[in-house]
Amino acid sequence: MLYQRSSQLFAEAEKVIPGGVNSPVRAFKSVGGTPIFVKQAKGAYLYDEDGNRLIDYINSWGPMILGHAYEPVVQAVTEKAKLGTSFGMPTELETQIAALAVSMVPNIDKIRFVNSGTEACMSAVRLARGFTKRDKIIKFAGCYHGHSDSFLIQAGSGAMTFGTPNSPGVTAGTAKDTLLAKYNDLENVRSLIEANPNEIAAIIVEPVAGNMGCVPPIKGFLEGLRQLCSENGILLIFDEVMTGFRLAKGGAQELLNINADIVCFGKVIGGGLPVGAFAAREEIMNYLAPLGPVYQAGTLSGNPLAMAAGKAMLESLNNDAAIFQRLEEKTAYLEAGIHRVLKANNIVYTINRVGSMISVHFDESPVVDFQTAAKGDNETFKKFFHGLLKEGVYIAPSAYETWFITDALSYEDLDFTINAIDKVSKTL
Ligand SMILES: *Cc1c(COP(=O)(O)O)cnc(C)c1O
């Protein structure tokens with residue numbers, strides 16, 4: 001495959017956009033080479049500016065769970081656009097999508113819409129601090145909650161890919177209120193709580209981690225967090241920006257049968273438009289302005305185009321009783337195929353998977369937290385990534401990312417991908 005036009009476009013972009021991209025992982029820094037510029041996409045396929053077709057395993061980092069240019073979403077957005085694109089006034093549509101989300105997700109009474117996952121997590125933490133009148137939070141190494149200051153402490157994913165887990169510009173004052181714990185290590189959390197009695201407002205966690213590759217919670221971990229939070233007056237925040245409306249209608253809360261106090265959404269909930277949201281039971285949500293003292297706002301929050309896309313997406317998921325089962329089966333099929341060919345080619349690897357989140361780590365030891373995720377062989381990953389690209393298969397350009405499986409993938413696409421992995425494995 002040739003990437004002549006993409007390379008040219010990247011060179012032009014670099015002149016006027018820092019690093020040529022508007023979000024760092026897109027730049028291919030950790031795998032080398034120059035990024036691919038997309039022209040259009042449909043279903044499971046991306047078409048780039050050089051005319052190459054790629055099977056897409058990123059799907060805009062999650063949102064396109066039903067495929068690119070998904071007809072009901074496209075239709076909803078184009079129809080809405082003709083009626084005006086932003087008002088800064090309430091619309092009926094906002095109530096409709098809010099009611100739908102509240103009906104799909106367990107344990108929430110009210111939801112507020114924002115414009116990104118970052119904003120959702122940032123606002124959730126402010127709300128938790130206001131509600132508990134405490135300052136500190138606990139986050140886990142390797143979990144990503146967006147790029148707001150309090151979270152850029154060993155933040156996995158893009159932040160990790162670039163080796164700047166503690167970004168300059170985050171003040172010491174902010175950093176001191178973020179306590180860092182090890183994922184899947186309950187004792188570690190317990191000792192942090194004991195060392196900071198009555199100071200911790202919230203524990204924020206990806207219930208299934210997806211920003212250090214896919215790392216499932218071990219049995220008892222989330223249950224233990226729930227119990228520690230309840231015993232110590234701490235709010236449990238599930239960052240379901242990745243898992244929400246992906247692992248089940250009601251996200252990880254439903255799949256794993258654990259109730260969080262505040263839940264954050266992004267990605268799928270916007271159907272491909274910039275949307276985030278956070279939700280909780282009434283008592284907590286009523287703490288937000290204009291009802292309560294915790295301030296949170298947004299000129300474009302609840303934007304009609306974004307809400308139309310999100311509503312069309314949630315309705316499609318809500319009305320398709322088999323969707324999450326189908327995603328599970330497709331991803332399990334892919335997993336089995338990858339096992340088969342990597343084993344046959346004597347590759348050292350681990351695969352982690354929960355539902356339609358899956359990742360391949362080039363190390364044989366179990367990947368259960370950030371430390372074990374970081375052990376993967378990045379040189380092998382680079383070759384794997386570029387090998388797959390040559391075969392027409394696009395996975396995330398970083399070893400720290402989950403693959404996001406879309407229902408638009410056919411079993412033919414999956415077989416094609418497994419064959420490509422077989423071919424590439426022989427070159428590793
Ligand atoms: C992507 C992601 C975010 C950040 O969302 P943005 O829309 O990129 O700001 C937060 N938390 C998790 C778990 C994510 O995967």
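Indexing begins at 1, ligand by ligand and atom by atom, following the structure's order. The basis for the numbers below is simple: all heavy atoms, side chains too, and nothing from hydrogens, waters or symmetry mates. Predicted model only: the values in this text are computed from it and were never measured.
- Under a 4.0 Å criterion applied to the non-hydrogen atoms of S116, ligand 1 contributes the atoms 7 (O), 9 (O).
- Residue S116 holds its OG atom at 6.0 Å from NE2 of H147, rounded to the nearest 0.5 Å.
- Contacts of T118 with ligand 1, taken as heavy-atom pairs under 4.0 Å, involve both backbone and side chain.
- Checking only distances, H145 never comes within under 3.5 Å of ligand 1, N or O to N or O.
- Between R112 and Q296, the side chains place a donor N or O and an acceptor N or O closer than 3.5 Å (distance only, hydrogens not considered).
- Taking the six-membered ring where tryptophan is involved, the planes of F131 and Y287 are perpendicular, since the angle between them exceeds 60° and thus also 30°.
- For ligand 1, the atoms sitting less than 4.0 Å from at least one non-hydrogen atom of N211 are 12 (C), 13 (C), 14 (C), 15 (O), numbered in the order shown with element in parentheses.
- For the 3.5 Å distance criterion, the side chains of E71 and Q75 fail to qualify, holding no donor opposite an acceptor.
- Taking the six-membered ring where tryptophan is involved, the planes of F384 and F381 are tilted, since the angle between them lies from 30° to 60°.
- By the neighbour-count criterion of 12 heavy atoms within 6.0 Å, atom CG of N257 is sparsely surrounded, having that number or fewer from other residues, nucleotides or ligands.
- Closest to atom 11 (N) of ligand 1 among all protein heavy atoms lies D239 OD2, 2.6 Å.
- Protein heavy atom nearest atom 5 (O) of ligand 1, with residue, atom name and distance: G117 CA, 3.2 Å.
- Checked against a 3.5 angstrom limit, the closest N/O atoms of E206 and ligand 1 fall outside it.
- In the model, T417 has a side-chain atom that pairs as donor or acceptor with a side-chain atom of Y57 under 3.5 Å.
- Ranking the protein heavy atoms by distance from atom 3 (C) of ligand 1 puts V241 CG1, 3.7 Å first.
- Within the structure, the closest approach of K267 to ligand 1 falls below 4.0 Å when heavy atoms are considered.
- Close approach of ligand 1 to M242 is summarised as follows: ligand atoms under 4.0 Å from at least one heavy atom of the residue are 15 (O).
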